[in-house]
Number of protein chains: 2
Amino acid sequence: MYPEIIKHISQEIDFKASEIEEFISLLSEIHLSKKELLIRPNDSVNYEYFVVSGCLKAYYLDESGERHIIQFAIEDWWISDFEAFFNKEPAKLYIEAIEDSVLLGLHCDALEELFKRIPKFERFFRIKTTNAFVSLRSRILETLQKSSAERYLNFCNKYPNIEKRVTNHHIANYLGIQPESLSRIRKELLLH
Amino acid sequence: MYPEIIKHISQEIDFKASEIEEFISLLSEIHLSKKELLIRPNDSVNYEYFVVSGCLKAYYLDESGERHIIQFAIEDWWISDFEAFFNKEPAKLYIEAIEDSVLLGLHCDALEELFKRIPKFERFFRIKTTNAFVSLRSRILETLQKSSAERYLNFCNKYPNIEKRVTNHHIANYLGIQPESLSRIRKELLLH
DNA sequence: AAGTAAACCTAACATACATCAAGCATTTTT
DNA sequence: AAAAATGCTTGATGTATGTTAGGTTTACTT
């Protein structure tokens, strides 16, 4: 039962069977069809979600209706409006399934309880968050430093499995450029 | 002794006096003069640093010698080359004092030990890292979304204490634009 | 199977920002 | 106190990316 997430947590920490069992008991399974919304602005966000299968995007719509993708998630990733989740604020993001997807939701209160009962999970999530923090820092450094073409190539290198599954439109949104610009970049790189 | 950091950790978690004492015993005091380097590329980074007083910048020099500031730190902030620190890799960043500064260094091994002995510190650093993670996400969303002028105004609003203490050159580096462009932005905003 | 929507590409033009260069003011160094 | 370095501003010019528009192909919907 839920071998994906068991493998995922066991990679980082050595849990006892009973601890894993307790963790699993907290999860709720969610099925989403393509284009279905998991979170929309003003929702209260009580869950973070582990992706068992499928592909999703987290994005923000600005005042002028432009879409800005902050995160993709495929198998083995966590996704949520983390700002809303951790700070108990209303959502600002949309989270939408790009493909039919299966998720495991973890409720914030259940998570707090779990931290108290089994501090190893506090450790697990500290390590996960630390890794995420570090990789956001490199993403910022990259946007400060690199040309759009370089960032596009890096994206393809770093996330080949995502690049194959989302449209160029999505990738352009993620990189912070217009789809037309990405098309030009791809033309110059001879990638069509 | 070290009232600043005691206040800092007590704001988040209720520690016993003995726990605080143990924590304090792990810290080493570092004094830096203006322009002195705390970390330079290829250093091994065994410490993260709490700023007691002063002001520092963490930056990357790219191949063409451009400087990109990823973080400022003033009183009450933590600073390090976190990627190098957490992943035990050689540093890629410079960390330099903008003013004479006093720091408290926390060694990675001491920190690991502390986590084992007092899990509340694991909790403390999980919460700190989570907050940092969330604010990096908004920083990314902001660079995807907003004009340079808007980002400059946001910076001034969000970090008035930093804005007062660093040069416009530094702020431009942080925002990812040229100092000349920032000067023009300020002119249009009538801020000289 | 036909109709519609979405994805992708291309081109012409507009614009924000970078680049290069110079000058003045302020701070730091000697 | 003089000299040097740094910070800030301004102008002229270049370039990458945005904007608008149109067209082709592919995928989805009925």
Side-chain angles (χ1 to χ4, degrees), chain A residues 32-36 55 57 59 61-69 72 94 96-100 142-156 162-192, chain B residues 32-36 55 57 59 61-69 72 94 96-100 142-156 162-192:
Chain A
L32 286 178
S33 319
K34 188 169 173 173
K35 295 197 180 171
E36 209 175 329
C55 182
K57 62 186 172 190
Y59 61 94
L61 282 193
D62 67 21
E63 314 82 42
S64 45
E66 291 290 318
R67 186 167 49 184
H68 306 279
I69 296 182
F72 295 109
Y94 293 83
E96 183 184 327
I98 295 178
E99 305 171 359
D100 294 353
E142 201 177 300
T143 57
L144 291 179
Q145 242 182 89
K146 306 255 165 113
S147 70
S148 300
E150 286 177 294
R151 283 184 290 130
Y152 174 64
L153 286 172
N154 276 351
F155 179 85
C156 295
I162 295 177
E163 189 260 327
K164 279 174 216 132
R165 287 161 78 172
V166 305
T167 66
N168 288 334
H169 195 105
H170 283 137
I171 297 176
N173 281 173
Y174 180 89
L175 296 175
I177 59 179
Q178 296 306 115
E180 293 90 338
S181 300
L182 181 56
S183 180
R184 259 190 303 239
I185 286 166
R186 285 165 51 80
K187 189 183 176 188
E188 266 154 45
L189 296 169
L190 306 167
L191 284 183
H192 19 213
Chain B
L32 285 178
S33 319
K34 189 171 174 172
K35 293 197 181 174
E36 209 175 330
C55 182
K57 61 186 172 191
Y59 61 95
L61 282 192
D62 67 20
E63 314 82 42
S64 46
E66 291 290 319
R67 185 167 48 184
H68 306 279
I69 296 182
F72 295 109
Y94 292 84
E96 183 183 326
I98 295 178
E99 305 171 0
D100 295 352
E142 200 176 299
T143 57
L144 292 179
Q145 242 182 89
K146 305 256 165 116
S147 69
S148 300
E150 286 178 295
R151 283 184 290 129
Y152 173 65
L153 285 173
N154 276 351
F155 179 86
C156 294
I162 295 178
E163 189 260 327
K164 280 175 216 132
R165 287 161 79 172
V166 306
T167 66
N168 288 334
H169 194 103
H170 284 137
I171 297 176
N173 282 172
Y174 180 89
L175 297 174
I177 59 179
Q178 296 307 114
E180 292 92 334
S181 299
L182 180 56
S183 178
R184 275 180 205 117
I185 286 166
R186 286 166 49 81
K187 189 182 177 189
E188 266 154 45
L189 297 169
L190 307 166
L191 286 182
H192 21 210

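Chain letters run A, B, ... following the sequence lines, proteins first and then strands; every chain starts at 1.
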Return the NZ to CD distance between B/K35 and B/E99, rounded to the nearest 0.5 Å. 13.0 Å
Distance, rounded to the nearest Å, where A/N173 contributes CG and C/dA7 contributes C1': 13 Å
A correct 5'-to-3' footprint of nucleotides 17-30 of chain C, with B, S and - meaning base, sugar-phosphate only and no protein heavy atom under 4.0 Å, is SSBBB------S--
Residues A/A172 and A/L182: closest non-hydrogen pair is N-CD2, 3.8 Å
SG of B/C156 to CD1 of B/I162, rounded to nearest 0.5 Å, is 11.0 Å
At what distance, to the nearest 0.5 angstrom, does NZ of A/K146 lie from CG of A/N154? 5.0 Å
In whole angstrom, what separates B/R186's CZ from C/dA16's P? 20 Å
Just how far, in rounded Å, is C1' of C/dT15 from CD of B/E188? 12 Å
Approximate separation, where rounding is to 0.5 Å, of A/I177 CD1 and B/L144 CG: 11.0 Å
Test applied, side chain to side chain donor-acceptor pair (under 3.5 Å); reference residue, B/Y59; option that passes from B/H170, B/H68, B/E96, B/E66: B/E96
Between the side chains of B/Y94 and B/R67, does any donor sit under 3.5 Å from an acceptor? no
Let me know the distance between OH of A/Y152 and P of D/dT17, rounded to the nearest Å. 14 Å
In this structure, how many angstroms lie between the P atom of D/dT10 and the CG atom of B/N168, rounded? 12 Å
Let me know the distance between CD of B/E150 and P of C/dA16, rounded to the nearest Å. 12 Å
Kindly give the atom pairs (protein nitrogen or oxygen, nucleotide nitrogen or oxygen) under 3.5 Å for nucleotides 24-26 of chain D.
none

Can you name the nearest heavy-atom pair linking A/Y152 to A/E163, along with the distance? OH-OE2, 4.3 Å
Which is true for B/T167 with a 4.0 Å heavy-atom rule: it touches a base, it touches only sugar-phosphate, or it touches nothing? sugar-phosphate
